[in-house]
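First comes the structure, then the notes that go with it.
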Amino acid sequence: MKITIIGVGRIKEKYLADAISEYAKRLGRYCTLRIEEVADEKTPDGAGEALELQIREKEGERILRKIPDGACVVALAIDGNMLDSEQLADRMERWNVSGVSHMVFLIGGSLGLAPSVLARADYRLSFSRMTFPHQLMRVILLEQIYRSFRIRNNEPYHK
């Protein structure tokens, strides 16, 4: 299976880059992983709703250009479906069994994902009703994908 993560912005902190690298290495035995970054837009302090939407749409256009044809697209969205780790593993297995060979996970920038990107998604996934920094979310997502493969293969994982 191929997994692509498309995220807005660059990872700047070394500790996050190290964690991403570690999970990418661990995932190498289960899938082909690719991490794509698209440029983020600067958001001025006090930006209004219209400007924020415009910023999300600019970032969204960049994301949409990176999505390969035929991939199952999962958008990380606060209003998405909340699953526990076993349910995520089961959902990924069902996608795989139904013929999905390439999954794409989308992580928006500080303002979230554009409506056009959410409309393109096949599934919306929420990790919590809380807001997380989008850079940290990359680590959390990779850990859960890794955990899903461990669960699917009946391998031990930390509970």
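Atom set for the values below is all heavy atoms of this structure, side chains included, hydrogens, waters and symmetry mates excluded.
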Could you tell me whether the side chain of Leu33 reaches within less than 4.5 Å of the side chain of Ile145, counting heavy atoms only?
no
Do Leu106 and Ile67 have side chains that approach each other closer than 4.5 Å (heavy atoms only, starting at C-beta)?
yes
Spell out, yes or no, whether Ile20 and Val74 are grouped together once hydrophobic residues are joined by side-chain heavy atoms under 4.5 Å, including indirect joins.
yes
Worked check of side-chain contact (heavy atoms from CB on, under 4.5 Å) between Arg56 and Leu53
CA-CA 5 Å; Arg56 282 197 311 269; Leu53 178 59; 3.6 Å; yes
In Å and rounded to the nearest 0.5 Å, what is the CZ to CD1 distance from Phe105 to Ile6?
11.5 Å
Do Met1 and Tyr123 sit in one hydrophobic cluster, given that two such residues count as connected whenever their side-chain heavy atoms are within less than 4.5 Å of each other, even indirectly?
yes
Show the numbers, then the answer: is there a side-chain contact (heavy atoms from CB on, under 4.5 Å) between Tyr23 and Leu141?
CA-CA 10 Å; Tyr23 281 109; Leu141 174 61; over 6 Å; no
Minimum-distance pair of heavy atoms, taken over all atoms of Ile11 and Ala17:
CG2-N, 3.6 Å
Co-membership, hydrophobic cluster, residues Val8 and Phe132, 4.5 Å side-chain:
no
With side chains defined as the heavy atoms from C-beta onward, is the minimum distance between Ile63 and Lys66 less than 4.5 Å?
no
Between OG of Ser126 and CG of Asn81, what distance do you get to the nearest 0.5 Å?
8.5 Å
When you look at Trp95 and Asp122, which way does the side-chain contact (heavy atoms from CB on, under 4.5 Å) test go after all the steps?
CA-CA 11 Å; Trp95 279 323; Asp122 298 302; over 6 Å; no
Side-chain (Arg150) to main-chain (Pro156) donor-acceptor, under 3.5 angstrom
yes
Do NZ/NE/NH1/NH2 and the carboxylate oxygens of Glu36 and Arg65 come within less than 4.0 Å?
no
Heavy atoms of Gln87 and Leu83 approach each other most closely as OE1-CA, 3.4 Å
Looking at Pro44 and Ile55, what are the two nearest heavy atoms and their distance?
CD-CD1, 4.3 Å
Hydrophobic cluster membership, with links at side-chain heavy-atom distances under 4.5 Å among I/L/V/M/F/W/Y: are Met103 and Leu142 in one?
yes
Heavy-atom count check: over 12 atoms from other residues, nucleotides or ligands less than 6.0 Å from Glu49 CD?
no
In short, Leu113 meets Ile107 closest at the heavy-atom pair CD2-C, 4.1 Å
Exam field: side chain Arg34 to backbone Ile3, donor-acceptor pair closer than 3.5 Å:
no
Please walk me through it: do Ser110 and His134 pass side-chain contact (heavy atoms from CB on, under 4.5 Å)?
CA-CA 6 Å; Ser110 61; His134 58 282; 4.2 Å; yes
To the nearest 0.5 Å, what is the distance between OH (Tyr146) and NZ (Lys25)?
10.5 Å
Any side-chain heavy-atom pair of Gln54 and Glu41 under 4.5 Å:
no
Are the side chain of Ser148 and the backbone of Gln144 linked by a donor-acceptor contact shorter than 3.5 Å?
yes
Can Lys58 and Glu61 be said to form a salt bridge (Lys or Arg N to Asp or Glu O under 4.0 Å), step by step?
CA-CA 5 Å; Lys58 279 184 184 176; Glu61 288 170 13; over 6 Å; no
Whether the side chain of Asp40 engages the backbone of Arg10 through a donor-acceptor N/O pair (distance < 3.5 Å, no angle test) should be reported.
no
Spacing of CZ belonging to Arg147 relative to CG belonging to Asp84, to within rounding of 0.5 Å
10.5 Å
Whether Phe149 and Tyr30 hold their rings parallel, tilted or perpendicular, with breakpoints at 30° and 60°
parallel
Hey, is Glu59 close enough to Arg62 for a salt bridge, meaning N to O under 4.0 Å?
no
Here the gap from Ser85 atom OG to Glu143 atom CD, rounded to the nearest 0.5 Å, amounts to 7.0 Å
Minimum side-chain heavy-atom gap Asn96-Arg152 below 4.5 Å
yes
Tell me, do Asp79 and Arg124 make a side-chain contact under 4.5 Å, heavy atoms counted?
yes
Is there a path from Met82 to Met130 through hydrophobic residues (I, L, V, M, F, W, Y) whose side chains come within less than 4.5 Å of each other?
no
Just by distance, with hydrogens left out, do Glu52 and Thr43 show a side-chain donor and acceptor under 3.5 Å apart?
no
Could you give the distance from CD1 (Ile35) to CG (Leu27), rounded to the nearest 0.5 Å?
8.5 Å
I need the minimum non-hydrogen distance between His102 and Pro68, along with the two atoms involved.
CE1-CG, 3.3 Å
Is there a side-chain contact between Ile140 and Met137 (heavy atoms, below 4.5 Å)?
yes
Could you report the tightest heavy-atom contact between Ala75 and Leu118, atom names first, then the distance?
CB-CD2, 4.0 Å
